Each structure stands twice: as structure tokens, then as C-alpha cells.
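Excluded from the calculations below are hydrogen atoms, water molecules and symmetry mates; all remaining heavy atoms, backbone and side chain alike, are included. Everything numeric here is computed off the predicted structure, so don't read it as measured data.
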Amino acid sequence: MKTLYLECAMGASGDMLLGALYELLPDQKGFLDAMNHLGLPQVAVAARAAQSLGISGTHMAVTVAGLEEDALLEHGHKHEQEQDDGHTHGHEHHHGHEHHHGHEPHGHGHPHSHAHHSPHSHNHAHGHDHFHAHVSDVQSILSGLPLPAPVVDQVQAVYARIAQAEARAHGCPVDQVHFHEVGALDAIADVAGVCYALYLLAPDEIVVSPIHVGTGQVRCAHGIVPVPAPATANLLAGVPIYGGAIQGELCTPTGAALLTHFATRFGPIPLMEVNQVGIGLGTRQFAAANCLRAFWGQSQTEGRGEISQLTCNLDDMTPEALSFACQRLLELGALDVYTLPGQMKKGRAGWQLTVLCDPAREEEFARHIFTHTSTNGLRVLRCGKYYLAPSKKTVDTPYGPLTVKMAQGMGATHIKPEYEDVASAAQERGLPFSTVWSAADKAGRRDG
């Protein structure tokens with residue numbers, strides 16, 4: 001399957017992700033043309049060759065009125081950075097200084113004054129217009145992006161994640177969240193670009209490494225906050241992260257929102273044949289190369305994973321009631337349900353019921369089992385598993401087209417006709433089930 005592995009050893013930001021994915025695209029010129037016709041005023045997107053500690057890659061420069069956000073902030077906050085008492089305040093990677101939820105007055109000719117939850121906009125003396133808006137304003141802009149509908153849906157979903165994380169961080173309703181630099185025009189371009197690049201690549205799975213978030217503190221309008229900043233921490237809940245010796249903010253809210261939205265799973269690089277490696281570079285210099293790498297290729301069809309096994313003993317249900325419960329559990333999405341006969345206490349005949357499910361649905365199926373059976377307790381075992389990748393195909397037989405199920409990997413191929421198709425064809429033609437089954441099985445192996 002087409003697999004994208006994102007290595008976040010130096011965190012992630014919108015422009016670093018965009019630069020890495022851009023290097024994987026076959027039609028880079030067409031992609032840049034689309035990015036420069038998003039309808040965002042004065043926004044331009046350019047791919048610039050860059051290096052970090054000798055590693056070459058792409059820095060995706062998004063400018064508004066000819067200026068990158070980092071350059072503007074370097075001008076505006078220079079005196080703050082000179083007086084930061086040794087703190088590293090931001091690893092922007094050109095993400096719009098996302099944690100500055102409102103600029104403090106700087107005394108250099110264009111003071112800022114605004115409340116966090118009220119609509120406003122202001123112009124700097126050098127012509128760079130920051131975009132500030134409520135969630136509804138941003139969603140209105142996003143809905144008008146001239147991109148395929150599935151891409152627009154993904155962009156809106158990413159911004160919804162950011163809004164929810166910001167609302168939780170600031171203790172306000174989502175509809176009162178006020179985007180500052182997180183909602184800036186350049187950040188919208190970053191998010192739209194990543195979503196569009198992934199749409200064009202169409203990976204079957206996206207695996208993300210544990211994310212390096214950095215360490216220390218970062219300055220925002222509300223003062224000094226720890227790394228990862230509150231909104232980023234909310235977005236990364238349930239995701240493997242780590243710190244380290246590098247001082248600064250390595251993962252931004254935009255990067256966190258994109259990764260958690262698109263990741264199929266988190267973990268080490270899977271067994272895969274790598275065809276390309278895309279490298280997106282940030283603008284800051286650190287002791288380690290400031291890059292995000294995207295490995296693009298084919299993963300092996302065999303897989304590994306986890307499965308939850310829920311088991312209980314039953315001696316006070318009729319066979320009919322237990323059969324109904326098993327059927328309902330399968331209909332609700334259990335991966336498998338089966339019973340084993342056994343002798344219970346006091347010589348009573350009974351059954352051991354076992355339900356297999358995705359670990360993420362373990363608690364849900366515990367509730368279903370309590371609802372549909374008479375048990376008062378369950379045993380839960382989380383197991384590692386190996387599995388063959390499943391697929392289906394339609395084969396031509398003397399009895400019409402029939403569906404064949406396949407499972408492949410680890411040097412094995414299993415083929416099995418679909419029961420319902422075989423039974424229907426046998427019944428319609430008045431043939432034995434085994435005759436149609438053999439024909440479907442032979443066709444499946446022939447075309448295998």
C-alpha cells in the first residue's frame with residue numbers, strides 16, 4: 001500500500017510539512033500555481049531551496065504583502081528577544097508565531113491594542129496586514145477556497161481542531177475563539193497546501209513518528225508559558241511525544257492539528273520500500289538539523305497490530321438468547337464473536353463467550369456485552385497480532401461474476417469465495433453449492 005511516514009524528530013509546523021510534501025509531488029509547478037490562486041489577498045507561496053546543517057531541503061515561503069511572518073516578527077519583537085533572560089521564545093518554522101495571541105505594545109511606531117475575544121484588525125506601518133477573525137470568519141474564508149471539495153472539507157476540519165484546542169486552553173466557548181496569527185492568511189495557505197498535497201498524493205496510510213515538542217518556555221501575549229504551549233498540548237493529547245535538550249517550541253498548533261488529523265497511526269517507521277524522501281526545512285538554527293522528513297513508498301502488505309479480547313462465562317442464558325447476543329455484537333462491529341461449551345459451577349452446562357474488537361472500542365464493547373448478555377463481569381486481554389492484508393475482487397465464472405476475498409502477506413496468499421455470492425448463484429441456477437464454490441475458487445486462484 002502507498003505509505004507516507006513523517007519523521008518529526010524536530011517537531012512539526014505547517015510550512016515544514018508543506019515543504020516536505022512538496023518535494024514528493026510529481027507536478028510541483030502546478031501545485032504552486034494552485035497555491036498562488038487561493039484568493040487570499042497579497043499572499044504568495046514560493047518553494048525555496050535551503051539547508052540546515054548541510055542537509056538540503058525546501059523551505060516553503062509564504063509571504064503576505066511581500067513579507068514572511070518571521071521577518072515581520074523579527075523586526076517587531078527584536079528588543080523583546082534581546083531581553084528574554086535566556087529563554088528561547090519560539091521555534092516558528094514560519095508558522096505565524098502562533099502562540100502570540102495578541103501583541104504587546106513595542107514602542108516602535110505601531111502599538112497594538114486589542115482584546116482576545118473581540119473582532120478587530122490593524123495595519124502595521126510597513127504595510128503587512130495581520131488577519132484576525134472569529135471562527136466563523138475563518139470558516140467563511142475556507143469555504144471559498146478554489147480547491148476540490150474534499151480538500152476544503154479537510155482544511156475546515158483542521159481549523160475546527162485548532163479552534164477546539166484554543167477554546168479549551170482559554171476556557172471559552174469555541175464560537176468565541178479569536179484567531180490571531182494562528183488564523184493569519186499565511187497559516188491558512190500552509191494548512192490548505194498540506195491538505196491539497198495529501199489529496200494529490202492519496203496515501204493509503206500515514207504513519208507519524210513520536211513528536212519532539214522541545215522544552216523550556218515560550219512567550220505569548222499572556223506571558224511566559226511552558227512548551228508545549230497549552231493549545232498544542234491539547235491537540236497532542238493521546239499522542240506519543242517527547243522533550244529533550246533542545247530549548248524552544250518545536251511543534252506548533254498548526255503542525256499538531258495537521259498531524260493528529262491525518263495520522264493513521266503513530267509509531268516507528270514501518271517496513272516499507274522507500275521511493276522518495278521529502279525534506280521540509282524551518283527557518284531557525286539549532287544544534288540539530290531543523291527539518292521534517294517525509295518518506296514515501298510502498299509498505300509491505302503484512303501487518304502487525306493489537307487486538308482486545310473480552311471474555312466471560314455464561315450459564316444462565318438460553319442458546320437462542322446467546323445466539324441473538326452474538327449476532328448483535330457482530331452487527332455492532334466486533335471483529336469476531338464465538339462461544340465454547342464448558343461446565344460451570346455446580347455442574348451447570350454453560351458457554352465461554354469471546355469477543356474480539358479494536359482496542360479503541362474496548363470499553364464500548366464491554367457495554368454491549370453487559371447489555372446483551374447476563375454476565376456481571378468481563379476479563380480483558382490486549383494481545384499483539386499479525387495479520388494478512390485483506391482485499392476483495394470480482395472474478396468471471398461460468399455462473400456469472402462472483403466476489404472472492406483475499407488475504408496476502410508474509411509470503412502467503414489466502415483466497416476464499418464470498419459465501420453470499422456463491423449461495424445466490426447456486427440457488428438461481430439450481431446447482432450444488434460446491435459446484436459454484438469450486439468455480440469461484442478456481443477463477444480467484446487463476447487471476448490471483
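Among residues two or more places apart in sequence or in another chain, the side chain to side chain donor-acceptor pair (under 3.5 Å) test is passed with Q156 by none. Evaluation of the side chain to side chain contact (heavy atoms under 4.5 Å, CB included) rule for A157 yields H261 as partners, not counting sequence neighbours. In this structure, the side chain to side chain contact (heavy atoms under 4.5 Å, CB included) partners of W296, at least two apart in sequence or on a different chain, are K2, L4, L24, L201, P203, Q276. Checked against side chain to side chain contact (heavy atoms under 4.5 Å, CB included), P173 has the following partners two or more places apart in sequence or in another chain: D175, Q176. Residues that satisfy the side chain to side chain donor-acceptor pair (under 3.5 Å) test with T375, not counting sequence neighbours, are absent from this structure. With sequence neighbours excluded, no residue forms a side chain to side chain donor-acceptor pair (under 3.5 Å) with S143. Evaluation of the side chain to side chain contact (heavy atoms under 4.5 Å, CB included) rule for D33 yields H37 as partners, not counting sequence neighbours. A search for side chain to side chain donor-acceptor pair (under 3.5 Å) contacts involving R168 returns nothing, not counting sequence neighbours.
Looking at heavy atoms from C-beta onward, L250 lies out of side-chain contact with V213 at the 4.5 angstrom threshold. Between V208 and F262 the shortest side-chain heavy-atom distance does not fall below 4.5 Å. A heavy-atom distance below 4.5 Å is not found between the side chains of Q408 and L388.
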**OP:** Check the pair M35 / L40 against side-chain contact (heavy atoms from CB on, under 4.5 Å), numbers first and verdict last.
**Re:** CA-CA 10 Å; M35 288 297 95; L40 302 176; over 6 Å; no
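Heavy-atom minimum distance, V225 versus A229: CG2-CB, 4.3 Å.
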Side chains of residues 360-367: which donor-acceptor pairs under 3.5 Å do they make with residues two or more places apart or in other chains?
| unit_1 | atom_1 | unit_2 | atom_2 | d |
| --- | --- | --- | --- | --- |
| R361 | NE | E364 | OE1 | 3.0 |
| R361 | NH2 | L332 | O | 2.9 |
| R361 | NH2 | E364 | OE2 | 2.7 |
| E362 | OE1 | S308 | OG | 2.6 |
| E362 | OE1 | R382 | NH2 | 3.2 |
| E364 | OE2 | H368 | NE2 | 3.3 |

Can you give me every donor-acceptor pair (side chain of residues 233-244, partner residue at least two apart or in another chain, under 3.5 Å) with its distance?
| unit_1 | atom_1 | unit_2 | atom_2 | d |
| --- | --- | --- | --- | --- |
| N234 | ND2 | A165 | O | 3.1 |
| N234 | ND2 | P230 | O | 3.4 |

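The list of salt bridge (Lys or Arg N to Asp or Glu O under 4.0 Å) pairs with a residue in residues 16-29, not counting sequence neighbours, is empty. The list of side-chain hydrogen bond (donor to acceptor under 3.5 Å, both in side chains) pairs with a residue in residues 47-56, not counting sequence neighbours, reads R48-E68, Q51-S56.
The local environment of NZ in K385 is crowded, with over 12 non-hydrogen atoms from other residues, nucleotides or ligands closer than 6.0 Å.
A donor-acceptor pair is defined here as one N or O able to donate and one able to accept, closer than 3.5 Å; such a pair exists between the side chain of K393 and the backbone of G444. For the pair D186 (side chain) and V62 (backbone), a donor-acceptor distance under 3.5 Å is absent. Formation of a donor-acceptor pair under 3.5 Å by the D204 side chain with backbone atoms of T3 is not found in this model. With N290 contributing its side chain and R284 its backbone, the two residues share a donor-acceptor pair below 3.5 Å.
Y196 and F31 have parallel rings, their planes meeting at less than 30° on a 0 to 90° scale where 60° marks the start of perpendicular.
Applying side-chain contact (heavy atoms from CB on, under 4.5 Å) to L310 and the options I369, L329, T354 leaves one that passes, I369.
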